[in-house]
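Just so it is clear, the values below take in all heavy atoms, side chains as well, and ignore hydrogens, waters and symmetry mates.
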Amino acid sequence: MKILFNDGHVDECPADEELEVIRHSAAHVLAQAVLHLYPHARFGYGPATDKGFYYDIDLGDTKISDEDLPAIEAEMRKIVKSNLKVETYELARDEAVAHMEELGQTYKVEHISDLGADERITFYKQGDYVDMCTGPHVCYTKALKAFALTGLSGAYWKADKNNKMLTRINGVAFRTKDELAEYQRMIEEAKRRDHRKIGREMDLFMFADEGPGFPFWLPNGMRLKNALMDYWHDMQAKYFYEEIQTPIILSRKLWETSGHWDHYKDNMYTTLIDDEDFAVKPMNCPGACLVYKNKPRSYRDLPLRLAEAGLDHRHELKGALHGLFRVRSFTQDDAHLFIRPDQITEMVTETTHLITAYYAQFGFPYHVELSTRPDDSMGSDEDWERAEEGLRTALEDMGIDYILNEGDGAFYGPKIDFHLQDCLGRTWQCGTIQLDFQLPLNFELEYTAADGSKQRPIMIHRAGFGSFERFIGMLTEQYAGKFPTWLSPCQVKVLPVSEKSREYARGVTDALRAAGVRVTLDDRDEKIGYKIREARGVDRVPYMLILGEKEAAAGTISVRDRTNETHESSLEDFIAAVTQEIAERR
């Protein structure tokens, strides 16, 4: 495919850039279509994205909804079919401002003012549409063969909540119609697996207008969350962590010491206590520093492994909230390790084993990224060299391939990030191992070395799930609500066929409950077919016990599993099998 560069020359598009060019060009066609239908529209930014494109648009008093998207998409197809030639030209800054003012594009004028005074501005034109852009673009609009609009959202101009909220029209674009069809199939599958939909159907969690972004865990959801937390507690014990709990509200002085007050206070909830500023914690690390500092520490005490399932609060923008994936209140599966410099490789190796054990338990493939010293770092060259070498050595000794992100570490230390891939091919950054020189310095943390000198520990921040809320959202979509038996809110559902088998069903339910199985008895006056469909399709239970007069008379049970296979069993054998499956977390 040939493309047009902003200096006017035409060349073949590199294969790895083709999709970005297609998507950027589609954004311009979208804006042109909107301008045809809404001549008063003023445009903000319209970039390509990983999957498609969007344009942020000020439509004035006009309100549009998803129902308007087919008309906009139809207008886009007209533009593509007309095969407009795409042209480019350049203007000096003052000329560019006048050009955009003449077109009434005030956001573009403001954008130009943000650019350098001597910078010349390039424009792309197709038919009656002009946009300032660095390109490159397709040479003719007919090159856009496969695109679709996907929805609307809101976006503040320049991502600043003090600016006007614009209408963001989102779309996708691909090389071929087959690629678009496959993407749309995956989107339908994602909708089917949407954790918000499944959460409502299975009564896992809810949100209320009285607490936007603050999840309410319902009884079924608490059973699921508690099962996951039990697993987490067991793993902390296996890897020699001590569990702590730090206060949810702490003094402003603490957050000033940690540096969060200066850099993060807009995302923190605050209150006054005894005429002093306090803040609800957005993270757990400063509290862990106070626990470390609670008493003198020796080199023999290190490594000190402190785990905390801490309840944190962060003020996310309302438009960014998304089910359990983006909330304002969440439980972090957190840990902080205080180590000596000579323990870096050993402890990073141990921590990596813990995190990868989590992902093996749930079957998530993942890749690892190592991020090194940025320009704005703190700490000595020696500290950074030792830390980066420790991380690198740990990964290489374990035979773990990694992507190196030069200069992308945190200012306080290098880090390893774990990116999970789910069943829909989406990638989630969950696990992290971050070395930190800054907080031990800020809090004046020390330990007594073997020679009696005072030394400063290195702090490791570690998370595996990211947060229980987001990980449960991921698991819900990964399993489409069909959780493994050990996680399922209801592990067994007992379904009496008729009144004559209800008494027997109650006894079976009692026996299962006594064995520690999460069991529900459905003795409603409903047809057995309806109860089976509901247990399988809505409750998504691993096992159904269908009990009729025959089973009651023989003292047996009829077991139906998720494969829809049915077999006869004694109650004792079934209890033994299912409790072993749960205990082993299979």
Open item on the list: Please determine whether a side-chain nitrogen of the Lys or Arg among R185 and E188 lies less than 4.0 Å from a carboxylate oxygen of the Asp or Glu.
Closed with: no

Task: Ring centre gap for F207 and F216 strictly below 6.0 Å - done: no

- [ ] Name all residues meeting the ring-ring contact (aromatic ring centres under 6.0 Å, His included) criterion together with F278; count only those two or more places apart in sequence or in a different chain, and write none if there are none.
- [x] none

TODO: Could you pull out the closest heavy-atom pair between A279 and M268, with the gap in Å?
DONE: CB-CE, 3.5 Å

- [ ] Keeping the roles fixed (side chain from R193, backbone from Q478), state whether a donor-acceptor pair exists under 3.5 Å.
- [x] yes

Task: ring-ring contact (aromatic ring centres under 6.0 Å, His included) partners for F43, two or more places apart - done: Y55

Task: Ring-ring centroid check Y264 W255, cutoff 6.0 Å - done: no

- [ ] Kindly compute the distance separating NZ (K63) from OG1 (T167), expressed to the nearest 0.5 Å.
- [x] 7.0 Å

Open item on the list: Donor-acceptor pair, distance only, cut-off 3.5 Å: does the side chain of E477 make one with the backbone of H195?
Closed with: yes

Open item on the list: Suppose we call two aromatic rings close when their centres sit under 6.0 Å apart. Are W232 and Y358 close by that rule?
Closed with: no

Open item on the list: Using only atom types and a distance under 3.5 Å, with no angle test, would you say the side chain of T88 pairs donor to acceptor with the backbone of Y124?
Closed with: no

Open item on the list: If we ignore hydrogens and angles and just use 3.5 Å, is the side chain of E73 paired with the main-chain N or O of L30 as donor and acceptor?
Closed with: no

Task: Aromatic plane relationship, H24 with H137 - under 30° parallel, 30 to 60° tilted, over 60° perpendicular - done: tilted

Task: Shortest non-hydrogen contact between L439 and C285, atoms and distance - done: CD1-CB, 3.9 Å

Open item on the list: Ignoring hydrogens, what is the shortest heavy-atom contact between V327 and S329? Give both atom names and the distance.
Closed with: CG2-O, 3.2 Å

Open item on the list: Surrounding CG of D262 (heavy atoms of other residues, nucleotides or ligands, distance under 6.0 Å), is the total greater than 12?
Closed with: yes

Open item on the list: Is it the case that atom CD in E20 sees more than 12 heavy atoms from other parts of the structure closer than 6.0 Å?
Closed with: no

Task: S371 backbone acceptor or donor facing D408 side chain under 3.5 Å - done: no

Open item on the list: With a 3.5 Å distance limit and no angle check, can you tell me whether E316 reaches the backbone of G213 through a side-chain donor-acceptor pair?
Closed with: no

Task: Check: S65 main-chain N/O paired with D68 side-chain donor or acceptor under 3.5 Å - done: yes

Task: Residue among Y366, F465, F325, F471 satisfying ring-ring contact (aromatic ring centres under 6.0 Å, His included) with W428 - done: F325

Open item on the list: Looking only at the side chains, is there a donor atom on one of H419 and Q421 sitting less than 3.5 Å from an acceptor on the other?
Closed with: no

TODO: To the nearest 0.5 Å, tell me how far K318 NZ sits from M165 CE.
DONE: 9.5 Å

TODO: Before accepting this row, confirm whether a basic side-chain N of the pair E308/K281 lies closer than 4.0 Å to the acidic partner's carboxylate O.
DONE: yes

Task: Derivation and outcome, side chain to side chain contact (heavy atoms under 4.5 Å, CB included), residues F147 and L180 - done: CA-CA 7 Å; F147 60 86; L180 175 61; 5.8 Å; no

Task: Side-chain touch F174/I22, heavy atoms, less than 4.5 angstrom - done: no

Open item on the list: Between E388 and R373, does the side chain to side chain contact (heavy atoms under 4.5 Å, CB included) criterion hold? Intermediate values first, please.
Closed with: CA-CA 8 Å; E388 290 178 3; R373 186 176 190 175; 3.2 Å; yes

- [ ] Inspect the surroundings of CD in E67 and state if more than 12 heavy atoms from other residues, nucleotides or ligands are less than 6.0 Å away.
- [x] no

Open item on the list: Before you tell me yes or no, could you show the steps for E469 and K225 under salt bridge (charged side-chain N to carboxylate O under 4.0 Å, His left out), namely the whole-Å CA-CA distance, both residues' side-chain angles and the distance that decides it to 0.1 Å?
Closed with: CA-CA 8 Å; E469 282 72 14; K225 187 177 181 182; 3.2 Å; yes

- [ ] Test salt bridge (charged side-chain N to carboxylate O under 4.0 Å, His left out) on D160 and K158 and set out the steps.
- [x] CA-CA 5 Å; D160 185 341; K158 295 183 177 179; over 6 Å; no

Open item on the list: Using only atom types and a distance under 3.5 Å, with no angle test, would you say the side chain of Y359 pairs donor to acceptor with the backbone of G431?
Closed with: yes

Task: Minimum heavy-atom distance T150-G171, with the two atoms named - done: OG1-N, 3.7 Å

- [ ] Using only heavy-atom distances, determine whether the side chains of W157 and E110 contain a donor-acceptor pair under 3.5 Å.
- [x] yes

Open item on the list: Please check if the number of heavy atoms outside K197 that lie under 6.0 Å from its NZ is greater than 12.
Closed with: yes

Task: D417 with K415: basic N within carboxylate O range, under 4.0 Å - done: yes

Open item on the list: With a 6.0 Å cut-off (strictly less than), is the heavy-atom count around OH of Y402, excluding the residue itself, greater than 12?
Closed with: yes

TODO: Check Q32, K85, H28 against Q126 for a side chain to side chain donor-acceptor pair (under 3.5 Å) and give me the one that passes.
DONE: Q32

TODO: With rounding to the nearest 0.5 Å, note down the distance linking NZ in K161 to CG in D266.
DONE: 5.5 Å

Open item on the list: Could you tell me if R200 sits above the aromatic ring of F205, with its cationic atom closer than 6.0 Å to the ring centre and no more than 45 degrees from the axis?
Closed with: no

Task: For D401 against V368, the heavy-atom pair lying closest together - done: O-CB, 3.9 Å

Open item on the list: Tell me whether E95 contacts the main-chain N or O of A92 through its side chain, where contact means a donor paired with an acceptor under 3.5 Å.
Closed with: yes

TODO: Could you check L37 against I72 for side chain to side chain contact (heavy atoms under 4.5 Å, CB included), going step by step and ending with a plain yes or no?
DONE: CA-CA 7 Å; L37 299 174; I72 298 173; 3.8 Å; yes

- [ ] In sequence, state the C-alpha distance, the side-chain angles, and the governing distance for Y479 and F362, and then conclude on ring pair (Phe, Tyr, Trp, His ring centres under 6.0 Å).
- [x] CA-CA 10 Å; Y479 296 124; F362 300 103; 7.1 Å; no

Task: Side-chain donor or acceptor of R328 paired with backbone N/O of P212 under 3.5 Å - done: yes

- [ ] Indicate, with yes or no, if the rings of Y412 and H461 have centres closer together than 6.0 Å.
- [x] yes

- [ ] Measure from the ring center of H313 to the ring center of F330 and say whether it is less than 6.0 Å.
- [x] no

Open item on the list: I'd like to know if the side chain of E406 pairs up with that of T372 as donor and acceptor (distance under 3.5 Å, no hydrogens or angles considered).
Closed with: yes

TODO: Would you please say whether a donor-acceptor pair under 3.5 Å links the side chains of D334 and N284?
DONE: yes

Task: Neighbour count above 12 (heavy atom, 6.0 Å) for K164 NZ - done: yes

Counting only pairs under 3.5 Å, give me each side-chain donor-acceptor contact of residues 3-11, with atom names and distances, residues two or more places apart or in other chains.
{"residue": "N6", "atom": "ND2", "partner": "T134", "partner atom": "O", "Å": "2.9"}
{"residue": "D7", "atom": "OD1", "partner": "H9", "partner atom": "N", "Å": "3.1"}
{"residue": "D7", "atom": "OD1", "partner": "H9", "partner atom": "ND1", "Å": "2.5"}
{"residue": "D7", "atom": "OD2", "partner": "H9", "partner atom": "ND1", "Å": "3.1"}

- [ ] Decide side chain to side chain contact (heavy atoms under 4.5 Å, CB included) for I416 and E369; before the verdict, give the C-alpha distance in whole Å, the side-chain angles of both, and the deciding distance to 0.1 Å.
- [x] CA-CA 6 Å; I416 295 172; E369 297 185 4; over 6 Å; no

- [ ] Establish, for the pair R42 and Y107, whether the NZ or CZ atom is under 6.0 angstrom from the six-membered ring centre and no further than 45 degrees off its axis.
- [x] no

Task: Carboxylate-amine/guanidinium proximity below 4.0 Å for E201 and R540 - done: yes

Task: Minimum heavy-atom distance between N442 and S258, given as atom pair plus value - done: ND2-O, 3.5 Å

TODO: Inspect the contact between D131 and K125 and indicate whether a charged nitrogen and a carboxylate oxygen are less than 4.0 angstrom apart.
DONE: no

